[in-house]
Amino acid sequence: MLFDILLQVGLILLMIYLFLAMHGIPNKVLSKIRYRNRADFQAKRHFVLGAQLLARARSSKNRSDSTSLAKEALEEAEKAIAFDPKDAAAHILKSLALDFQGFKTSALDSLDAALSPLCAKSLSDQERGDALFKRAELKVAIARRGRTDSAVADLEDAVTLSPENAKAFRLLGECYEGKKMKEEAKKAYEDALRVEPELTAAREALDRLGS
């Protein structure tokens with residue numbers, strides 16, 4: 001009985017496979033898989049090249065060279081995004097390259113894309129926390145109305161996801177201090193010093209607040 005059932009199932013599967021084969025469906029599926037793998041490879045290649053270019057831009061002492069390298073890094077980031085628009089890392093690289101060139105509003109837009117539901121799932125908790133910190137930093141730098149509250153929300157999430165980011169705690173302290181939240185600011189500065197005892201800005205802030 002069991003053998004008969006298995007035989008019937010096998011025949012049904014064979015017929016389904018033959019039907020699909022007649023219509024070239026397996027080849028289409030394999031073609032999509034191959035394209036996906038190829039796209040992933042190209043996206044990663046452009047991302048790595050872009051990250052290397054940005055690192056060179058940051059270390060270059062020649063302003064013209066650093067600007068040129070940052071532009072090339074931006075181009076590679078955009079190519080990576082074209083191949084894999086759901087990879088948050090490429091959007092973050094684009095943001096960093098834009099920020100390096102002084103385009104903070106555009107850099108903020110790229111971080112918004114990186115932290116969107118479509119892309120954020122490709123990040124680990126720590127990576128997402130670090131990206132939230134960078135977005136808050138840009139919001140504070142742009143200093144538009146309503147940005148401070150939004151930056152505080154990002155930083156509160158950032159220090160939860162990435163609790164070893166001393167700079168995030170320090171910036172959170174500055175935001176709290178700007179909002180006249182003295183006790184919260186002191187706690188944030190203390191957390192920054194817990195992570196990085198030599199963080200001068202946090203130490204000076206605590207002295208200023210009379211810790």
Side-chain angles (χ1 to χ4, degrees), residues 39-40 42-59 66-176 178-179 188 191-192 195-196 199 201:
D40 287 344
Q42 292 291 347
K44 287 179 173 58
R45 185 175 70 84
H46 287 298
F47 171 80
V48 169
L49 182 55
Q52 291 172 340
L53 287 165
L54 184 58
R56 288 171 56 195
R58 286 174 167 171
S59 63
S66 64
T67 300
S68 177
L69 288 165
K71 288 180 179 179
E72 290 182 45
L74 176 59
E75 291 174 0
E76 293 301 325
E78 289 175 335
K79 289 175 184 177
I81 292 169
F83 278 107
D84 189 359
K86 296 181 182 180
D87 184 9
H91 290 283
I92 292 172
L93 176 62
K94 180 179 178 179
S95 174
L96 295 174
L98 286 165
D99 184 35
F100 185 84
Q101 296 176 73
F103 304 125
K104 294 191 180 301
T105 301
S106 297
L108 182 58
D109 290 340
S110 291
L111 273 179
D112 286 340
L115 290 165
S116 68
L118 183 68
C119 299
K121 58 187 177 182
S122 68
L123 298 172
S124 67
D125 285 350
Q126 181 176 339
E127 289 168 339
R128 190 153 58 93
D130 291 342
L132 285 164
F133 159 64
K134 182 59 183 177
R135 185 167 72 173
E137 195 175 46
L138 286 168
K139 288 176 179 178
V140 170
I142 293 171
R144 289 178 180 168
R145 182 178 299 175
R147 291 287 190 193
T148 302
D149 289 341
S150 179
V152 168
D154 277 353
L155 289 166
E156 288 174 340
D157 287 340
V159 297
T160 299
L161 293 166
S162 184
E164 299 304 309
N165 189 333
K167 291 181 180 179
F169 279 115
R170 188 263 306 158
L171 184 57
L172 180 57
E174 290 179 4
C175 289
Y176 281 147
K179 293 169 68 66
D191 286 333
V195 177
E196 192 176 325
L199 190 58

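- In this structure, the separation between CG on D191 and CD on E196 is 13.5 Å, given to the nearest 0.5 Å.
- Between the CG atom in L108 and the OG atom in S150 there is a gap of 8.5 Å [rounded to 0.5 Å].
- In this structure, H91 NE2 and I81 CD1 are separated by 4.5 Å, a value rounded to the nearest 0.5 Å.
- The shortest heavy-atom contact between A113 and S116 is O-OG, 2.7 Å.
- The shortest distance between side-chain heavy atoms of K94 and L74 falls below 4.5 Å.
- Considering every non-hydrogen atom in both S95 and A107, the closest pair reads OG-O, 2.8 Å.
- Applying the side chain to side chain donor-acceptor pair (under 3.5 Å) rule to Q52 yields no partners; only residues at least two apart in sequence or on another chain are considered.
- Counting heavy atoms from C-beta outward, K121 and P117 have side chains that stay 4.5 Å or more apart.
- The nearest pair of heavy atoms linking A57 to A70 is CB-N, 3.8 Å.
- Here salt bridge (charged side-chain N to carboxylate O under 4.0 Å, His left out) pairs that include residues 159-172, with residues two or more places apart or in two chains, are R170-E174.
- Scanning for salt bridge (charged side-chain N to carboxylate O under 4.0 Å, His left out) contacts around D125 gives R128, with sequence neighbours left out.
- Using a 4.5 Å cut-off on side-chain heavy atoms (C-beta onward), E75 and L53 make no contact.
- At least one side-chain heavy atom of L171 sits less than 4.5 Å from a side-chain heavy atom of F133.
- Residues satisfying the side chain to side chain donor-acceptor pair (under 3.5 Å) criterion with E78, sequence neighbours excluded, are absent altogether.
- For the pair E76 (side chain) and E72 (backbone), a donor-acceptor distance under 3.5 Å is absent.
- Applying the side chain to side chain contact (heavy atoms under 4.5 Å, CB included) test to S122 and every residue at least two apart in sequence or in another chain returns D87, A88.
- D130 meets the side chain to side chain donor-acceptor pair (under 3.5 Å) test with S162, N165; sequence neighbours excluded.
- Nearest heavy atoms, A77 versus A90: CB-O, 3.9 Å.
- H46 is listed as a side-chain neighbour of Q42, based on a closest heavy-atom distance under 4.5 Å.
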Report task. Applying side chain to side chain contact (heavy atoms under 4.5 Å, CB included), run through S110 and L98 and close with a yes or a no. Result -> CA-CA 9 Å; S110 291; L98 286 165; 3.7 Å; yes
Query raised in the report: Does the side chain to side chain contact (heavy atoms under 4.5 Å, CB included) test come out yes or no for Y176 and V152, once each step is laid out?
Result: CA-CA 8 Å; Y176 281 147; V152 168; 4.0 Å; yes
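- Within the 4.5 Å cutoff, the side chain of C175 has heavy atoms near those of the L155 side chain.
- Scanning all heavy atoms of the two residues, the minimum distance from F47 to L93 falls at O-CD2, 3.6 Å.
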Requested in this report: Kindly indicate, with the supporting measurements, whether the criterion side chain to side chain contact (heavy atoms under 4.5 Å, CB included) is fulfilled by L132 and L161.
Outcome: CA-CA 9 Å; L132 285 164; L161 293 166; 3.8 Å; yes
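- Every residue two or more places apart in sequence or in another chain that forms a side chain to side chain contact (heavy atoms under 4.5 Å, CB included) with A43 is listed here: F83, D84.
- For R56, there are no side chain to side chain donor-acceptor pair (under 3.5 Å) partners, not counting sequence neighbours.
- Partners of K44 according to the salt bridge (charged side-chain N to carboxylate O under 4.0 Å, His left out) rule, which considers only residues two or more places apart in sequence or in another chain, do not exist here.
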Report task. Begin from the C-alpha positions of K134 and I92 and carry the test side chain to side chain contact (heavy atoms under 4.5 Å, CB included) through to its verdict. Result -> CA-CA 9 Å; K134 182 59 183 177; I92 292 172; over 6 Å; no
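- With sequence neighbours excluded, the residues forming a side chain to side chain contact (heavy atoms under 4.5 Å, CB included) with K104 are D99, L138, A141, I142, listed by chain and number.
- Here the side chains of L54 and L96 are in contact, with some heavy-atom distance below 4.5 Å.
- The shortest non-hydrogen separation linking L199 to A166 is CD2-O, 4.0 Å.
- With sequence neighbours excluded, the residues forming a side chain to side chain contact (heavy atoms under 4.5 Å, CB included) with S124 are Q126, E127, listed by chain and number.
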